[in-house]
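Structure first, then comments.
Just so you know, residue 1 is the first one in the sequence shown, and it goes up from there.
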Amino acid sequence: MRAILFIIGVALLVGGLWVVFGHGGYTQTDTVFQLGSAKLTATHQKAFPEWMGIAGIVVGALLALGGIFSKR
């Protein structure tokens, strides 16, 4: 159980740092216009909110520390 907590904590910590330093994002495609089978789409690059990165850092650090310092 300690190793699982530590691994999940480190993964969340690294993911949170990735988001905070501006590399986290996703692509969203919207349909702008559609006439029959013809479709005009627009693709936007969106970033994850910074609060998600900070939350990942905090939760990941707590889980990693819990994995290190747990008694079992």
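Follow the hydrophobic side-chain contacts under 4.5 Å out from Val10 and you never reach Ile57; the two are in separate clusters. Under the 4.5 Å side-chain contact rule for hydrophobic residues, Val14 and Ile68 share a cluster. A chain of hydrophobic side-chain contacts below 4.5 Å, direct or via other Ile, Leu, Val, Met, Phe, Trp or Tyr residues, connects Leu13 to Phe21.
Nearest heavy atom pair, residue Val20 against residue Ile54, reads CG2-N, 3.8 Å. Smallest separation of non-hydrogen atoms from Val32 and Ala42: CG2-CB, 3.7 Å.
Atom NZ of Lys46 and atom OG1 of Thr27 lie 11.0 Å apart (nearest 0.5 Å). Distance NE2/His23 to CZ/Phe48: 13.5 Å, rounded to 0.5 Å. Of the inter-residue distances, the one linking Leu65 atom CG with Phe6 atom CZ reads 9.0 Å to the nearest 0.5 angstrom.
The 12-atom threshold is not exceeded at CD1 of Ile4, counting heavy atoms of other residues, nucleotides or ligands nearer than 6.0 Å.
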